[in-house]
Amino acid sequence: QVQLVESGGGLVQAGGSLRLSCAASGRTFSGYAMGWFRQAPGKEREFVAAISWNGGSTLYADSVKGRYAISRDNAKNTVYLEMNSLKPEDTAVYYCNGHPGGITTTPFGYWGQGTQVTVSS
């Protein structure tokens, strides 16, 4: 069992930056692939970024590639999402995700409660 708690969301102007954190509880965190998804109003939840259990592999959605960076610190049971050059279309609730096994863009496993990111134009 893994519990995930996101933080770091907020309101930022277009072109700005935010850093999301996801703190995990449970001894299996270091063995889990982790990811971030987001859901904008009226839209389905979509994949944003993912990282393998040891941080050796990462995946990004095309819409955030080059602007976002996912990382993790297994000693702190925390995964991060650094978001730069934010755009209004990045506005969404961002969800942390964790699951056993390899890195994937498929949403399954454990979820956090979400953190709101709002980018003003």
Side-chain angles (χ1 to χ4, degrees):
Q1 184 81 10
V2 175
Q3 293 183 326
L4 306 173
V5 179
E6 302 97 332
S7 62
L11 174 64
V12 63
Q13 288 188 332
S17 299
L18 281 175
R19 188 194 198 199
L20 305 183
S21 299
C22 174
S25 62
R27 295 179 296 173
T28 55
F29 172 80
S30 61
Y32 275 39
M34 301 296 296
W36 290 92
F37 290 74
R38 67 186 182 186
Q39 188 167 17
K43 295 187 176 180
E44 293 188 353
R45 191 170 299 189
E46 65 175 2
F47 168 77
V48 175
I51 188 166
S52 60
W53 70 273
N54 63 352
S57 297
T58 56
L59 287 174
Y60 295 95
D62 287 343
S63 58
V64 306
K65 202 171 293 183
R67 299 188 298 122
Y68 287 17
I70 188 170
S71 61
R72 66 189 295 162
D73 185 339
N74 286 345
K76 296 182 178 180
N77 280 9
T78 303
V79 62
Y80 305 97
L81 186 68
E82 186 74 36
M83 305 184 296
N84 299 308
S85 302
L86 283 162
K87 305 174 182 180
E89 51 263 44
D90 295 318
T91 295
V93 177
Y94 283 69
Y95 296 91
C96 179
N97 169 263
H99 58 84
I103 192 172
T104 179
T105 63
T106 302
F108 78 99
Y110 298 98
W111 295 93
Q113 82 288 350
T115 186
Q116 177 71 46
V117 172
T118 303
V119 184
S120 63
S121 57

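The analysis underlying the following values was restricted to heavy atoms, covering all of them including side chains, and did not include hydrogens, waters or symmetry mates.
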(message) In the structure I gave you, are the side-chain heavy atoms of L20 and E6 within less than 4.5 Å of one another anywhere?
(response) no
(request) Give a yes or no on whether V12 and L81 share a hydrophobic cluster (residues Ile, Leu, Val, Met, Phe, Trp, Tyr; joining criterion: side-chain heavy atoms under 4.5 Å apart). (result) yes
(message) If I take atom OG from residue S121 and atom CD from residue Q13, how far apart are they, to the nearest 0.5 angstrom?
(response) 9.5 Å
(request) Using atom types as modelled and distance alone, determine if a side-chain donor or acceptor of T91 lies under 3.5 Å from a backbone N or O of V119. (result) yes
(message) How close do P88 and A14 get, counting heavy atoms only, and between which atoms?
(response) CD-CB, 4.1 Å
(request) For residues 37-119, pull every pair meeting disulfide (SG to SG under 2.5 Å), keeping only residues two or more places apart or in separate chains. (result) C22-C96
(request) With sequence neighbours excluded, tell me which residues meet salt bridge (charged side-chain N to carboxylate O under 4.0 Å, His left out) with E82. (result) R19
(request) Would you mind reporting whether R72 and N54 have side-chain heavy atoms less than 4.5 Å apart? (result) no
(message) Ignoring hydrogens, what is the shortest heavy-atom contact between L11 and S120? Give both atom names and the distance.
(response) CD1-CB, 4.3 Å
(request) Before accepting this row, confirm whether a basic side-chain N of the pair D62/K65 lies closer than 4.0 Å to the acidic partner's carboxylate O. (result) yes
(request) Taking side chain to side chain contact (heavy atoms under 4.5 Å, CB included) as the test, write out the residues that go with P100, two or more places apart. (result) Y32
(request) Could you give me the CA-CA distance, side-chain angles and deciding distance for H99 and T104, then say whether side-chain contact (heavy atoms from CB on, under 4.5 Å) is met? (result) CA-CA 9 Å; H99 58 84; T104 179; 3.3 Å; yes
(request) Please round to the nearest 0.5 Å and tell me the distance separating atom OG of S25 and atom CD of Q3. (result) 4.0 Å
(message) Check for me, please, whether I103 and V79 land in the same ILVMFWY cluster - side-chain distances under 4.5 Å, paths through other members count.
(response) no
(message) Can you list everything that forms a ring pair (Phe, Tyr, Trp, His ring centres under 6.0 Å) with Y95? Sequence neighbours excluded, please.
(response) none
(request) Kindly compute the distance separating CD1 (I70) from OG (S52), expressed to the nearest 0.5 Å. (result) 9.5 Å
(message) With a 4.5 Å cut-off on side-chain heavy atoms, are M83 and D90 touching?
(response) no
(request) Answer with yes or no whether the hydrophobic clustering places W111 together with M34; edges join I, L, V, M, F, W, Y residues whose side-chain heavy atoms lie under 4.5 Å apart. (result) no
(request) Would you list the pairs meeting ring pair (Phe, Tyr, Trp, His ring centres under 6.0 Å) in which at least one residue belongs to residues 44-80, sequence neighbours left out? (result) F37-F47
(message) Between N97 and Y110 (side chain of the first, backbone of the second, donor and acceptor by atom type, cut-off under 3.5 Å), is there such a pair?
(response) yes
(message) Does anything in residues 42-51 form a salt bridge (charged side-chain N to carboxylate O under 4.0 Å, His left out)? List the pairs, not counting sequence neighbours.
(response) R38-E46
(request) Looking only at non-hydrogen atoms, find the nearest pair between S85 and S17 and report the distance. (result) N-OG, 4.4 Å
(message) Let me confirm one number: the CZ-CG distance from F29 to D73, rounded to the nearest 0.5 Å.
(response) 8.0 Å
